[in-house]
Amino acid sequence: MTAKTKNTRARATTAGKRIKLTYQGLYDTYGPQHWWPGDCPFEVCIGAILTQSTSWTNVEKAIGNMKDARILSIKGIRRVNSRKLAGLIRPSLYYNVKARKLKEFIRFLDEQYASDVNNMRKTEMAELRKQLLAVWGLGPETVDSMLLYAISKPSFVVDAYTRRIFSRLGLSHPHSTYDELKSMFEASLPKDVRLYNEYHALIVRHGKTVCKTKPKCLECCLKKACANRIR
DNA sequence: GGCCAGGACACCA
DNA sequence: TGGTGTCATGGC
């Protein structure tokens, strides 16, 4: 083994330890988050699309509108015209685009999974991820959210908070790709759905509170929260 | 009135 | 391939 390889492995090991310790620090600070808010796997998938670049409070309003209109179902979304659907999800931002995304997702379920989200469980995760990424409007974060929170597959979700917090902690580069960050977490943690679920939820919780109030802090407040843990 | 929130796609150089 | 524009509400 070359010295360079040794250094690379040592850095990866250190990052892995810090990723685990950071989880413990977040969990101790905020406690369990009980994600994802959604009545069933299908609703979780719809929420994953609607929450793209949008706060969850706005998504709740959009989902509430869909429930009131009795279209929060595969049949309902298939039936309703795009214009009406866009009007109902208006609070979730970018409603015209998201109405199309919902329609595309329903078409995918109709064509590939006999109109049932639960049928996706039968497909091997990597293959399913590939299929979902091929659906127009579904990017990596949305797809991983669906895999993890809707059908309990161990796929780590990376979002803007993850990127921001972990680059401030010096564990990643601000310009790291989505897959680089995802691989870093998955290589550092056991493939555990509950752990991935809780970790992402805690990152969002932390990002929405402390890191939001101090957007320009170079020393992420997480360092302080975990000061006695991270070395 | 301005900024930002749990992205993704289209287009261009 | 990477950067930039577009989508376009609601709360603080």
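In what follows, every chain begins at residue 1, and chains take the letters A, B, ... in the order their sequences are listed.
Within residues 132-150 of chain A, no residue is approached by DNA chain C to less than 4.0 Å at the level of any non-hydrogen atom.
Atom P of nucleotide dA5(B) and atom CD1 of Ile165(A) are separated by 12 Å, given to the nearest angstrom. In this structure, Tyr178(A) atom OH and dG2(C) atom P are separated by 18 Å, rounded to whole Å. Taking atom CG of residue Leu181(A) and atom C1' of nucleotide dG7(B), one finds them 15 Å apart after rounding to whole Å. Separating the NE2 atom of His175(A) from the P atom of dT1(C) is a distance of 18 Å, rounded to the nearest angstrom.
Qualifying side-chain hydrogen bond (donor to acceptor under 3.5 Å, both in side chains) partners for Asp159(A), counting only residues two or more places apart in sequence or in other chains: Thr162(A). In this structure, Arg70(A) has no salt bridge (Lys or Arg N to Asp or Glu O under 4.0 Å) partners at least two apart in sequence or on a different chain. Remark: Tyr199(A) engages Tyr23(A), Phe156(A), Phe185(A) in a ring pair (Phe, Tyr, Trp, His ring centres under 6.0 Å) (not counting sequence neighbours). Taking Tyr94(A) as the reference, nothing meets the ring pair (Phe, Tyr, Trp, His ring centres under 6.0 Å) condition, with sequence neighbours excluded. For Asp192(A), the salt bridge (Lys or Arg N to Asp or Glu O under 4.0 Å) test picks out no residue, with sequence neighbours left out.
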* To do: Go through the steps to decide whether Ser155(A) and Lys182(A) satisfy the test side chain to side chain donor-acceptor pair (under 3.5 Å), and finish with yes or no.
  => CA-CA 8 Å; Ser155(A) 191; Lys182(A) 180 179 169 67; 2.6 Å; yes

* **Under 4.0 Å protein heavy-atom contact, by nucleotide of nucleotides 5-12 of chain C - B base, S sugar-phosphate only** => --BBBSS-

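Between dA10(B) and dA8(C), the distance separating the two P atoms is 14 Å to the nearest Å.
Applying the ring pair (Phe, Tyr, Trp, His ring centres under 6.0 Å) definition to pairs two or more places apart or across chains, those involving residues 52-75 of chain A are Trp36(A)-Trp56(A). For the ring pair (Phe, Tyr, Trp, His ring centres under 6.0 Å) condition, the pairs that include at least one residue of residues 111-131 of chain A, sequence neighbours left out, are Phe108(A)-Tyr113(A).
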